[in-house]
Amino acid sequence: MRGLKLVVFLLSLLALSSQLIRHAYVRWIENRDSVLFKYEPPEKNEIRDAKSLAELEARYAKEYERARLDAAKEPHAEALEGEGAVVRQEPAESARYDPKVMDLGRAIQEWERLDNEVAELKFYWFCGLGALVLAGVAFGSRWLWPALALTILGFSEMIWATSPSFSGDADHQFVRLLSAKIEYSVFSLVLLAVFWALGWLRAPGDQAASTR
């Protein structure tokens, strides 16, 4: 068990530390700007600078209504379908394929995806915390093997929760996700240090040596 405890501690320390360094790099050092941004239409930069999902939704509703009204003014708006058959598109359907509406729709979907990642991070991390609380109770009751199993489960959930994410286009929401992963990685490392300090991830001999 002594060797297994050391392996759990070292692997958790390495995984959490390396992920924390990666998140810090992407959050504060990596350049996510492009010289091409200044050549894009103002609308795309406004989408990129949006600070909330509600703001994007309001812009989407405005552009969608504008595109729908424009399509309604064209009574002969038609599309080819099948073998040359002509099918008239409804204004509401045409509005969905307006370039500005499509850009806003993609931005909303990206924001919602990152929202889900933040929720997933918190769910798995707190599941891991619950497992570590049970591990602490088991260690206190001298149930060493169940305690060690729960410790492995708890830190595995935390490592999974704080694992790196793919870059996102919704800048403000992606920064929020990165900041949350940095915070929870630090919390996880603190808990790992607590488990080490309490001797739960050390053999009795190691604990005695550290108090000399």
Side-chain angles (χ1 to χ4, degrees), residues 19-128 157-185 187:
Q19 290 178 177
L20 179 60
I21 292 170
R22 188 267 180 190
H23 292 320
Y25 170 79
V26 176
R27 173 67 177 84
W28 289 296
I29 300 176
E30 183 182 66
N31 179 27
R32 294 195 299 278
D33 290 327
S34 172
V35 294
L36 298 177
F37 287 169
K38 63 184 178 182
Y39 300 105
E40 292 183 346
E43 296 84 1
K44 286 200 173 182
N45 288 321
E46 289 174 3
I47 291 173
R48 192 177 294 110
D49 293 337
K51 294 180 172 58
S52 70
L53 183 58
E55 182 180 339
L56 284 174
E57 185 182 3
R59 291 182 184 178
Y60 182 90
K62 180 180 178 181
E63 289 296 336
Y64 179 85
E65 183 62 17
R66 190 259 320 151
R68 189 186 67 80
L69 291 175
D70 288 347
K73 293 175 183 177
E74 300 177 4
H76 302 295
E78 298 175 339
L80 292 177
E81 184 178 279
E83 299 180 356
V86 177
V87 178
R88 188 179 188 280
Q89 285 187 307
E90 294 298 325
E93 183 69 16
S94 298
R96 290 176 53 198
Y97 297 101
D98 179 86
K100 292 182 181 179
V101 173
M102 291 179 68
D103 285 342
L104 283 163
R106 283 191 290 267
I108 289 172
Q109 289 176 335
E110 177 68 6
W111 195 290
E112 290 172 339
R113 181 184 70 81
L114 293 173
D115 257 348
N116 287 333
E117 283 205 41
V118 172
E120 182 182 284
L121 160 66
K122 293 178 179 179
F123 176 79
Y124 283 113
W125 194 89
F126 279 102
C127 284
E157 292 292 340
M158 289 180 173
I159 291 169
W160 169 259
T162 56
S163 60
S165 304
F166 294 109
S167 295
D169 294 329
D171 284 354
H172 288 279
Q173 191 65 347
F174 184 60
V175 167
R176 178 189 167 214
L177 174 62
L178 275 176
S179 299
K181 291 211 170 191
I182 289 171
E183 292 171 5
Y184 282 92
S185 294
F187 296 156

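- Note that the CD atom of Glu65 and the OH atom of Tyr60 stand 12.0 Å from one another [nearest 0.5 Å].
- Taking the side chain as every heavy atom from C-beta outward, Glu120 and Asn116 never approach each other to under 4.5 Å.
- In this structure, a donor-acceptor pair under 3.5 Å is present between the side chains of Arg48 and Asn45.
- Closest approach of Ser165 to Lys181, counting heavy atoms only: OG-NZ, 2.8 Å.
- For the residue pair Ala161 and Leu121, the shortest heavy atom distance occurs at O-CD1, 3.1 Å.
- Within the model, atoms NE2 of His23 and CG of Leu20 stand 7.5 Å from one another, a figure rounded to the nearest 0.5 Å.
- A salt bridge is defined here as a Lys NZ or Arg NE, NH1 or NH2 lying under 4.0 Å from an Asp or Glu carboxylate O, and Arg113 with Glu117 meets this definition.
- Side chain of Trp160 to main chain of Tyr124: no donor-acceptor pair is present (N/O by atom type, distance under 3.5 Å, no hydrogens or angles).
- One finds the OG atom of Ser163 at 14.0 Å from the CE atom of Met158 (value rounded to the nearest 0.5 Å).
- Contact of the Phe174 side chain with the Val26 side chain is registered, since non-hydrogen atoms from C-beta on lie closer than 4.5 Å.
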### Query
Step by step, would you call His172 with Val175 a side chain to side chain contact (heavy atoms under 4.5 Å, CB included)?
CA-CA 5 Å; His172 288 279; Val175 167; 5.8 Å; no
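- Donor-acceptor pairing under 3.5 Å is recorded for the side chains of Thr162 and Gln19.
- Interatomic distance, Tyr25 OH to Leu178 CG, rounded to the nearest 0.5 Å: 12.5 Å.
- With sequence neighbours excluded, no residue forms a side-chain hydrogen bond (donor to acceptor under 3.5 Å, both in side chains) with Glu183.
- Closest of all the heavy-atom pairs between Arg27 and Ser179 is NE-OG, 3.1 Å.
- Taking Glu43 as the reference, Lys100 meet the salt bridge (charged side-chain N to carboxylate O under 4.0 Å, His left out) condition, with sequence neighbours excluded.
- The line from CD of Gln173 to CD of Glu112 is 10.5 Å long, rounded to the nearest 0.5 Å.
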### Task
Check the pair Phe126 / Glu157 against side chain to side chain contact (heavy atoms under 4.5 Å, CB included), numbers first and verdict last.
CA-CA 9 Å; Phe126 279 102; Glu157 292 292 340; over 6 Å; no
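- Between the side chain of Arg59 and the backbone N or O of Glu46, at least one donor-acceptor pair lies under 3.5 Å.
- Counting non-hydrogen atoms of neighbouring residues, nucleotides and ligands closer than 6.0 angstrom, the CD atom of Glu57 reaches no more than 12 such neighbours.
- In this structure, Trp111 and Lys51 approach most closely via the heavy-atom pair CH2-C, 3.5 Å.
- Rounded to the nearest 0.5 Å, atoms OH (Tyr64) and CG (Leu69) are 10.5 Å apart.
- Heavy atoms only, all atoms of each residue included: Ile108 and Leu53 are closest at CG2-CD1, 4.0 Å.
- Using a 4.0 Å cut-off between charged side-chain N and carboxylate O, Arg176 and Asp115 make a salt bridge.
- You'll find the side chain of Asp98 reaches within 4.5 Å of the side chain of Arg66, heavy atoms only.
- Using a 4.5 Å heavy-atom threshold, the side chains of Leu56 and Glu110 count as separate.
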